[in-house]
Amino acid sequence: MAKMDLESVYADHAREVYHFLLKLCGDAHLAEDLLQDTFLKAIEKSESFDYRCKLTSWLCQIAKNTYYDYLRKQKRHPVSPLPEEDLPDTRDSFEERLMDAEIARLIRLHVHQLPEPYKEVFLLRVYAEISYKEIGQMFGKSEVWGRVTFLRSKDMVLQRMDESKEQTERKE
């Protein structure tokens, strides 16, 4: 990444990286701050970009690490990546919207309990909409590895949701 085209790199990729950060942290102001930090780190590490993956994937990897560094400094845990107010409002009834919001909350809860790399792969695929090929490249693995790891993470979330439902039903 040459110094002269850093402005175009920012112009071309900042919006996508910002949305990725917003999904991770759930806070627009924090996402903006992290976006700036991400691009500063990208400038510092520009020589390390080797074009084996898309530039956006590389920037999202830096963004994710920047967010985790922030959390470590703040000694906080990740915030839900999908706030309820971002859910589409196309359901018919208030009760259906409540059920959908509860399911989204449970999914977020279970995703954040996944071990690595499953949690990261799930977040990259679902919230950042990164392809299996790019996910594999980010981890130095194949596209098949990215696909299998995502499917396993999805299965883990579904299994955990079923277990929670069973526990809730037993309590009633």
Side-chain angles (χ1 to χ4, degrees), residues 1 5-72 77-88 103-161:
M1 187 179 346
D5 64 359
L6 285 174
E7 286 182 29
S8 66
V9 168
Y10 184 86
D12 293 343
H13 302 282
R15 184 169 186 230
E16 193 171 354
V17 174
Y18 169 78
H19 287 292
F20 172 73
L21 285 164
L22 184 60
K23 294 295 183 187
L24 280 177
C25 71
D27 179 323
H29 296 293
L30 177 58
E32 289 174 17
D33 291 343
L34 293 171
L35 178 68
Q36 301 309 314
D37 292 344
T38 296
F39 276 90
L40 286 174
K41 288 178 182 178
I43 291 167
E44 293 168 1
K45 299 176 182 190
S46 61
E47 290 87 34
S48 71
F49 181 64
D50 59 8
Y51 298 93
R52 288 187 301 167
C53 64
K54 284 176 54 177
L55 185 56
T56 305
S57 300
W58 182 70
L59 291 168
C60 285
Q61 186 73 18
I62 293 171
K64 177 195 59 90
N65 291 331
T66 302
Y67 174 58
Y68 287 155
D69 288 345
Y70 167 81
L71 291 176
R72 274 191 290 281
H77 297 288
V79 177
S80 299
L82 184 62
E84 275 75 12
E85 62 267 14
D86 287 350
L87 290 171
I103 290 168
R105 186 191 69 75
L106 287 172
I107 290 171
R108 287 193 308 273
L109 172 75
H110 293 301
V111 166
H112 283 291
Q113 293 173 350
L114 292 176
E116 293 297 344
Y118 300 104
K119 175 171 73 173
E120 185 174 349
V121 168
F122 188 96
L123 292 171
L124 290 170
R125 180 69 183 152
V126 173
Y127 297 114
E129 299 176 357
I130 294 178
S131 72
Y132 295 119
K133 182 178 181 181
E134 292 173 277
I135 290 170
Q137 289 172 341
M138 291 172 82
F139 286 88
K141 309 278 186 181
S142 68
E143 178 178 349
V144 172
W145 179 90
R147 185 178 305 273
V148 168
T149 305
F150 172 73
L151 291 174
R152 287 179 181 163
S153 67
K154 186 173 81 169
D155 287 344
M156 284 186 247
V157 169
L158 291 172
Q159 180 182 0
R160 289 171 186 219
M161 289 182 70

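As the structure is a prediction and not an experimental result, all values here were calculated from the model.
Atoms SG and NE2, on C60 and H19 in that order, are 11.5 Å from each other to the nearest 0.5 Å. The CE atom of M156 sits 10.5 Å away from the CG atom of L151 when rounded to the nearest 0.5 Å. Within the model, atoms OH of Y67 and CG of L22 stand 10.5 Å from one another, a figure rounded to the nearest 0.5 Å. Taken to the nearest 0.5 Å, the CG atom of L114 stands 8.5 Å off from the CG atom of L123. The structure places CD of Q113 at 6.0 Å from CZ of R160, a figure rounded to the nearest 0.5 Å. Distance check: H13 NE2 to L35 CG gives 12.5 Å after rounding to the nearest 0.5 Å.
The shortest non-hydrogen separation linking L59 to T38 is O-CG2, 3.6 Å. Counting all heavy atoms, side chain and backbone alike, C25 lies closest to A31 at SG-N, 3.8 Å. Taking each heavy atom of M161 and I107 in turn, the nearest pair found is SD-CG1, 3.6 Å. Of all heavy-atom pairs between W58 and A42, the closest is CH2-O, 3.6 Å. Contact between G146 and I135 at its shortest, heavy atoms only, is CA-CG2, 4.2 Å.
Proximity of Q61 to N65: side-chain heavy atoms (C-beta onward) are separated by under 4.5 Å at one or more points. Between L124 and F20, the closest side-chain pair of non-hydrogen atoms falls below 4.5 Å. Annotation: side chain of V126 is not in contact with side chain of K23 (no heavy-atom distance under 4.5 Å).
With sequence neighbours excluded, the residues satisfying ring-ring contact (aromatic ring centres under 6.0 Å, His included) with F39 are Y10. Every residue meeting the ring-ring contact (aromatic ring centres under 6.0 Å, His included) condition with F139, not counting sequence neighbours, appears here in chain and number order: W145. The ring-ring contact (aromatic ring centres under 6.0 Å, His included) test applied to F122 returns F150, not counting sequence neighbours. Partners of S131 according to the side chain to side chain donor-acceptor pair (under 3.5 Å) rule, which considers only residues two or more places apart in sequence or in another chain, are E134.
The salt bridge (Lys or Arg N to Asp or Glu O under 4.0 Å) analysis of residues 31-42, with sequence neighbours excluded, yields the pairs K41-D69. Screening residues 138-153 for salt bridge (Lys or Arg N to Asp or Glu O under 4.0 Å) gives E143-R147 as the qualifying pairs, with residues at least two apart or on separate chains.
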